[in-house]
Amino acid sequence: MPIEITFPDGNKKTFDGPVTGLEIAQSISPGLAKRAVVVSVNGELWDLTRPIDRDATINIITRDKPEALEVIRHDAAHVLAQAVQELFPGTQITFGPATETGFYYDFARDTPFTEADLEKIEQRMREIVKRDLPIRREIWPRERVIEYFRAQGESFKAEWVTEGIAPEEPISIYRQGDTWLDMCLGPHLPSTGRLGNAFKLTKVSGAYWRGDASNAQLQRIYGVAFATEDELKAYLKMVEEAEKRDHRKLGKQLGLFHIQEEAVGQVFWHPKGYTIYRLLEDYIRNKIAQHGYVEVKTPLLMDRKLWETSGHWEWYRQNMFVAEVDEGDERKAMLAVKPMNCPGHMQIFKQGIRSYRDLPLRMAEFGSCHRYEPSGALHGLMRVRGFTQDDAHIFCTPEQMPAEAAAAGRLIFEVYRELGFDKVEVKLSTRPDKRIGDDALWDRAERELAHACELMNAPYTINPGEGAFYGPKLEFTLYDAIGRPWQCGTVQVDFNLPERFGIEYVAEDGSRRRPAMLHRAVLGSLERFIGILIEQYAGALPFWLAPVQAVVAPIVSDADGYAIEVCAALKAAGIRAESDLRNEKINYKIREHATQKIPVIVIVGRKEAEERTVTLRFRGEEKQETLPLGDAVRRLRESR
RNA sequence: GCCGGGAUAGCUCAGUCGGUAGAGCGACUGAUUCGUAAUCAGUAGGUCGCAGGUUCGAUUCCUGUUCCCGGCACCA
């Protein structure tokens, strides 16, 4: 039976019978066949060696295409698995997918792999690549697959066939050479030689079987892989760059903050770090005042009863710090440190009678919250146990809700843009399994958030099951200068808390109604956001956020008096300036303040002192400028 | 929380096959006044994370523990 193959450009070619992608490529040019990785058959990626047995539109995917990269990475995982089983007999294979930058494979083995093992394994992988083993796809009956893996002692694979694959689904097996095989959906390269050498094993770690902490612990080996060695090199360089930006390292070098054993997950802000904190807080404070918010402050410790009403005691207890106080007479008060600000804001709303005229009421708080995060989750400023949310709760009529949610979203976009983040993505997280409130409320809340996205013209994706226990949410993820995503802002609908606290307002017709409520945070947590800013700017914060904006450095001690005068003039103009009168050479001072990422070094020598000028040296620039003191002050005052 | 690795001077790190430790930077003191990314010399500074055990002797070996790091799980 002849097979008609249609190419992407519309050209057609007829073959006498079933033909493989590799044969088609070969018939076009040997060069193409060499660069080919997989073939897209009617939009589905197939192995190059899999016969195409019907008319089809095909596209031969070469090494340089993004789709090819995933196949290369997935192959790397298989080569890794073979290498491990060759070197460590008795190790079971489980799963090994491609990742954003490479691949991993999870193994079941009693003894964990060491860093030294990685080297050996990587060597063996390169050897397998050199062997250029053919990779062949086979379809096996289900029973044969189960039998085979059981006989091999591969209990995880066998379990997956029985529990994870529907009985009617065909099972594809990929043979790599004569002795090794894995069950896999594919597609794969025609042989191991095509993997190339642009890969590297990076780390070992633990992982759970099927991603569940109650299952067996597996040993995961991670690697990175690319189509070319240049790309691998570029990637490794990028990782090095990211390490240099690490806010924990910069925080220490720049003297911003520290964390210590006696207050795990909490931040000691040093003067410079706290300056950034206050500047950011003031920025948000002014911003939200312009957007019609009022600011409040509520207690850190509140009685257990309140948390029972809110539902936190039942749903969030394991993450809360609880304080027990002996009040004598065997009475004990049980208080909880707030993990969220909402119940507190409810109490303010409940004071007195609210009219529809009071709505929407946008109640903001820089709320100091504490959550008992799992020890393994803690990470510098990014994940802490004590943090400050730039939180707000918006009480409104149900009708006002979508518009209010959209306004909050617009505020978030505006702030991110002003802080230097242009790429922002929105996700709509829907009802989780563990939740309060009936489905009708959830239906409505989810619909209204989607509507809000339309109102603010923001495309969004759905994040199923990721909502909070009390309502669905919009999550705002920003991307930093080196492309890493950070989830910060959030807008959450809550029809449940108003119900639980029984809050009401008097409507136009005199009836009592239940307001809708939104939770929203722009930065999320000040701590975390400062961490992101430090990494975004690699510590070189924009002028307005720099804790020390200018350092006045005299060249000789004769100029010390003038330097003090210059520093005072800058301070009088509201510039955060310091002077460096140490008995050191100017080279030394410049190096130090450049390393400290100070935006402007103000240099004064004998000449400047006589002429009443200063020489400005801006961060990151070699050239400098000498100008009259008054002009310099004006210039810096206007800097951002 | 789980798996693995780690903790030595203020910082970055070396070292001790078991005999209580060392460098650079920083700090301090002195000299130097030197115009654009590290001036020279000297001095001080350590319960080798913490608690047990083995040992004549432990920073080193063993056990426990705390914290940190990389993943996993978690992120309401």
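Each chain gets a letter, A, B and so on, in the order the sequences are listed, and its residues count up from 1. Reckoned from all heavy atoms, side chains included, excluding hydrogens, waters and symmetry mates.
- Remark: A:Arg528 fails to qualify as a cation-pi partner of A:Phe387 under the 6.0 Å distance and 45° angle criteria applied to the six-membered ring.
- Side-chain nitrogen and oxygen atoms of A:Tyr222 include at least one within less than 4.0 Å of the OP1 or OP2 phosphate oxygen of B:rC72.
- Comparing B:rA73, B:rA38, B:rU33 by their nearest atom to the side chain of A:Val556 picks out B:rU33.
- Note on A:Lys252: a side-chain N or O is less than 4.0 Å away from OP1 or OP2 of B:rU12.
- For A:Asn215 and B:rC74, the CG to P distance is 12 Å, given to the nearest whole Å.
- Among the atoms of the strands shown, none is found under 4.0 Å from any heavy atom of A:Gln253.
- Across all strands shown, B:rG42 forms a Watson-Crick or G-U wobble pair, both distances under 3.5 Å, with B:rC28.
- Distance from the side chain of A:Arg617 is smallest to B:rU36 among B:rU36, B:rG26, B:rG4.
- Within the 4.0 angstrom heavy-atom criterion, base atoms lie near A:Pro374.
- Comparing B:rC72 with B:rG64, their P atoms sit 26 Å apart, to the nearest whole Å.
- Nucleotides B:rG46 and B:rA21 have their P atoms positioned 13 Å apart, rounded to a whole Å.
- Minimum atom distance to the side chain of A:Glu261 is reached by B:rU66, of the listed B:rC72, B:rU66, B:rA73.
- Distance from the side chain of A:Lys585 is smallest for B:rC34 among the nucleotides B:rA73, B:rC34, B:rU36.
- Closest-nucleotide positions on RNA chain B for A:Phe469 and A:Thr114 were compared, and the one nearer the 5' end corresponds to A:Thr114.
- Checking the phosphate oxygens (OP1, OP2) of B:rG26, a side-chain nitrogen or oxygen of A:Tyr588 falls inside 4.0 Å.
- Rounded to the nearest Å, the gap between the C1' atom of B:rU29 and that of B:rC17 is 42 Å.
- In this structure, A:Glu373 places its CD atom 16 Å from P of B:rA73, rounding to the nearest Å.
- Environment of CD in A:Glu262: crowded, with over 12 heavy atoms of neighbouring residues, nucleotides or ligands closer than 6.0 Å.
- Applying the side-chain contact (heavy atoms from CB on, under 4.5 Å) test between A:Leu218 and each of A:Phe107, A:Phe95, A:Phe156 identifies A:Phe156 as the sole match.
- Heavy atoms of A:Tyr470 sit under 4.0 angstrom from primed sugar atoms or phosphate atoms, though from no base atom.
- Between B:rG35, B:rC74, B:rA27, one nucleotide has an atom nearer to the side chain of A:Arg582 than all others, and that is B:rA27.
- No engagement by A:Glu592 is indicated, since no non-hydrogen atom pair under 4.0 Å with the nucleic acid exists.
- Taking the P atom of each, B:rC28 and B:rG19 are spaced 36 Å apart, rounded to whole Å.
- The A:Ser205 side chain lies nearest to B:rG71 when the options are B:rC74, B:rU39, B:rG71.
- Across the protein-nucleic acid pair, A:Ile555 atom CD1 and B:rG35 atom C1' stand 4 Å apart, rounded to whole Å.
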Please report the C-alpha distance between A:Tyr479 and A:Phe421 in whole Å, then the side-chain angles of each, then the deciding distance to 0.1 Å, and finally whether the ring-ring contact (aromatic ring centres under 6.0 Å, His included) criterion is met.
CA-CA 7 Å; A:Tyr479 287 81; A:Phe421 302 95; over 10 Å; no
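- Judged by distance alone, the side chain of A:Tyr274 and the main-chain N or O of A:Phe268 form no donor-acceptor pair under 3.5 Å.
- Between A:Arg248 and B:rG70, a side-chain N or O to OP1/OP2 separation shorter than 4.0 Å is present.
- The interatomic distance linking A:Ile221 (CD1) with B:rG71 (C1') rounds to 13 Å, in whole Å.
- Distance noted for atom C1' between B:rG18 and B:rC61: 8 Å (whole Å).
- Separating the P atom of B:rU59 from that of B:rC48 is a span of 6 Å, rounded to the nearest Å.
- Following rounding to the nearest Å, A:Gln487 (CD) and B:rC75 (P) show an atom-to-atom distance of 12 Å.
- Using bins of under 30°, 30° to 60° and over 60° for the plane-to-plane angle, the ring pair A:His78/A:His74 lands in the perpendicular bin.
- The pairing partner recorded for B:rG52 is B:rC62, the criterion being a Watson-Crick or G-U wobble arrangement whose two distances lie under 3.5 angstrom.
- Side-chain polar atoms of A:Thr388 and A:Glu527 form a donor-acceptor pair below 3.5 angstrom.
- Here B:rC67 sits opposite B:rG6 as a Watson-Crick or G-U wobble pair (both hydrogen-bonding atom distances under 3.5 Å).
- At a threshold of 4.0 angstrom between heavy atoms, the contacts of A:Thr615 include nucleobase atoms, whether or not backbone atoms are also involved.
- Between the C1' atom of B:rA73 and the OH atom of A:Tyr104 lies a distance of 13 Å, rounded to the nearest Å.
- Applying a 4.0 Å cut-off to non-hydrogen atoms, the residues of residues 599-608 of chain A that approach RNA chain B are A:Ile603, A:Gly605, A:Arg606, A:Lys607, A:Glu608, listed by residue number.
- Whole-Å rounding puts the A:Ile259 CD1 to B:rU66 P distance at 19 Å.
- Taking atom C1' in both B:rA9 and B:rA27, the straight-line distance is 11 Å, to the nearest Å.
- The side chain of A:Ala213 has B:rA73 as its nearest neighbour among B:rU39, B:rA73, B:rG1.
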Going through the checks in order, is the ring-ring contact (aromatic ring centres under 6.0 Å, His included) test met by A:Phe618 and A:Phe543?
CA-CA 10 Å; A:Phe618 292 92; A:Phe543 191 79; 8.4 Å; no
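- Distances from the side chain of A:Ser375 to the nucleotides B:rA38, B:rA37, B:rG1 place B:rG1 closest.
- A gap of 27 Å separates the P atoms of B:rG52 and B:rG45, to the nearest Å.
- For the atom pair CD of A:Gln389 and NZ of A:Lys338, the computed distance is 9.0 Å after rounding to the nearest 0.5 Å.
- Residue A:Tyr372 places no side-chain atom within donor-acceptor reach of the base of B:rG1, judged by atom type and a 3.5 Å distance cut-off alone.
- Within the nucleic acid shown, A:Lys249 has no heavy atom closer than 4.0 Å to any nucleic acid atom.
- The cationic atom of A:Lys434 (NZ for Lys, CZ for Arg) does not lie both less than 6.0 Å from the six-membered ring centre of A:Phe469 and within 45° of the ring axis.
- A salt bridge links A:Glu308 to A:Arg304: one of the charged nitrogens lies within less than 4.0 Å of a carboxylate oxygen.
- Summary of the strand contacts: A:Lys203 and A:Gln624 both lie near RNA chain B, and taking for each the nucleotide with the nearest heavy atom, the more 5' one is attributed to A:Gln624.
- Backbone-only contact: A:Arg220 has heavy atoms under 4.0 Å from sugar-phosphate atoms and none from a base.
- Taking only side-chain atoms of A:Arg591, from C-beta outward, the nucleotide of B:rA38, B:rC72, B:rU33 with the closest atom is B:rA38.
- Between the side chain of A:Arg383 and the base of B:rC74, a donor-acceptor pair under 3.5 Å is found.
- The NE2-P distance, from A:His593 to B:rG26, rounds to 13 Å in whole Å.
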